[in-house]
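Read the structure below first, then the notes.
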Amino acid sequence: MELNKRNMKKIIILIVFAIAFYMLVKNLYLVPNFFGVLLNIVGPVLAGFAVAFVVNVLMIQVENRLFAPLNRRFQKRWPKMRRGFSILVTFIIILGLITLLLFFVIPELARTITNLTNSIPAVIAHLQQMISAFSEQHPKLMQYADQLNINWPNISNMLSKYGQQMASRLVSFTVSAVSNLFHGAVSLVLTIVIAINTLAQKEKLVAQMKKVLYAYLPRKQASWVHHVCHLTNRAFYNCVTGTLTEACILGTLCFIGMNIFRFPYAILISVLVAFNALIPIIGAFLSTVIGALLVSIVSPIEGLWFIVYFCVLQQLEGNLIYPRVVGSRVGLPVLWMLIAITIGGNAFGVLGMIINIPICSVIYALLREDVQRRAKPQTWNIPDEANPQEKADKQPE
């Protein structure tokens, strides 16, 4: 190889890349800490973009449908004012929904806590009856328990020591919680401000990113990146709208069914089911456990019937609602959705389950486009050489 200027440049780039790769592999244990620090720094910015993306789903409907008469009637000043009013109305709707949910959920939650508090003496009395009945049925075990030499003073001193340690830890935890709460409040304000500014200038930001993309990349690669970004935006948009729609449908069906079968805590459990529906797979398990525990407080038999009812509802949701509402919007077959949920959950937990569906949808769409582009039509009619009998049957006699 001739050592000209071009080849020397390639060799230097290769050496730098090899050194960087070696340092990365050698210090691989520092990568999670690095990403953790980086996430703390840019966390509010990423959270602001995420909130803007989710709120944009509702803002588009407000801007294009709710304000449709104003869009057709006023053509001069209204287009400049439309975006600001759309953002304001969107946040008012979101805050109104949250307030409405809290208005129904908080009294129900208070009633549940009151019932739990009132049922504690009965539960303790029931446990005492069980212990006394057990001692009457098994007197030898109780005699053996009485013969055990338990050093109660040592146990008391040990509990006192642990209590002091827990008290000191509680003080430090309180200080840390207050500081984290202050930091969280500041981050929340920054997140909302970034989200509002992103929504107000989303077309301008997209145009700037597109201009930068075509300025620093060749046209072919820039067009491919732009196409991938378009697919990603559409996949995430459809996934968000489909998941929210599916959660509302499941919560509504749960509320209707619980009122039909007269299960207690219908509002509280239905709201929990709707929120847990945003979490694939694990959400159904959490809804079943929490709902069964709440219903079992009133009647253990009704708790068992609730498990049966919710399992039937989950089968209806998993086989009919979710594939058609979420799967049809994302454009991913059911099998690939299950694979995406499994891989994302094992790799990144609950967040990985949610994000991995649109990511796999983008990969599936790109792979399908590449296969359709590479495969020629006549290749699909190639006879199977591994089956000579079928080949002989197709030969003319």
Side-chain angles (χ1 to χ4, degrees), residues 17 21 24-25 28 31-32 34-36 38-39 42-43 45-57 60 198 202 205-206 209-210 212-214 216-247 277-284 317-377 379-380:
F17 176 77
F21 182 75
L24 177 64
V25 172
L28 196 61
V31 173
F34 170 76
F35 280 105
L38 184 64
L39 187 62
V42 300
V45 178
L46 297 179
F49 289 155
V51 170
F53 186 86
V54 175
V55 173
N56 184 57
V57 174
I60 290 175
T198 303
K202 62 177 185 176
L205 291 174
V206 171
M209 292 174 62
K210 188 175 179 181
V212 171
L213 186 66
Y214 280 90
Y216 288 96
L217 288 178
R219 187 172 185 82
K220 185 177 180 179
Q221 283 78 8
S223 300
W224 184 83
V225 173
H226 180 262
H227 177 62
V228 172
C229 292
H230 175 70
L231 288 177
T232 305
N233 177 68
R234 187 176 64 184
F236 274 88
Y237 178 85
N238 292 333
C239 184
V240 170
T241 54
T243 304
L244 293 177
T245 304
E246 187 259 347
L278 302 175
I279 307 173
I281 298 179
I282 297 179
E317 184 264 345
N319 294 319
L320 295 178
I321 300 175
Y322 194 85
R324 285 165 176 77
V325 174
V326 180
S328 60
R329 289 177 179 267
V330 176
L332 199 62
V334 179
L335 177 61
W336 295 108
M337 287 185 65
L338 294 175
I339 294 174
I341 290 171
T342 304
I343 295 175
N346 291 331
F348 303 103
V350 176
L351 184 62
M353 290 182 181
I354 300 173
I355 295 178
N356 206 37
I357 293 177
I359 292 176
C360 289
S361 174
V362 174
I363 296 174
Y364 180 81
L366 292 174
L367 184 62
R368 182 177 56 192
E369 291 178 358
D370 190 63
V371 169
Q372 291 177 355
R373 187 181 71 252
R374 290 174 180 269
K376 297 180 180 179
T379 58
W380 300 105

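For clarity, every value in this text was computed on a predicted model and none was experimentally measured.
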Reported [atom1]-to-[atom2] distance for the pair [X] and [Y], which is rounded to 0.5 angstrom:
X: His230; Y: Arg234; atom1: NE2; atom2: CZ; answer: 5.0 Å
X: Glu369; Y: Leu231; atom1: CD; atom2: CG; answer: 5.5 Å
X: Thr245; Y: Asn238; atom1: OG1; atom2: CG; answer: 10.5 Å
X: Arg368; Y: Ile363; atom1: CZ; atom2: CD1; answer: 13.5 Å

Looking at every non-hydrogen atom in both residues, tell me the closest pair between [X] and [Y] and how far apart they are.
X: Leu213; Y: Ala222; value: CD2-O, 3.5 Å
X: Thr243; Y: Ala277; value: CG2-O, 4.4 Å
X: Phe53; Y: Tyr237; value: CZ-N, 3.5 Å

task = Quickly, which of Val54, Ile359, Val57, Thr241 forms a side chain to side chain contact (heavy atoms under 4.5 Å, CB included) with Phe236? Name it, please.
result = Ile359

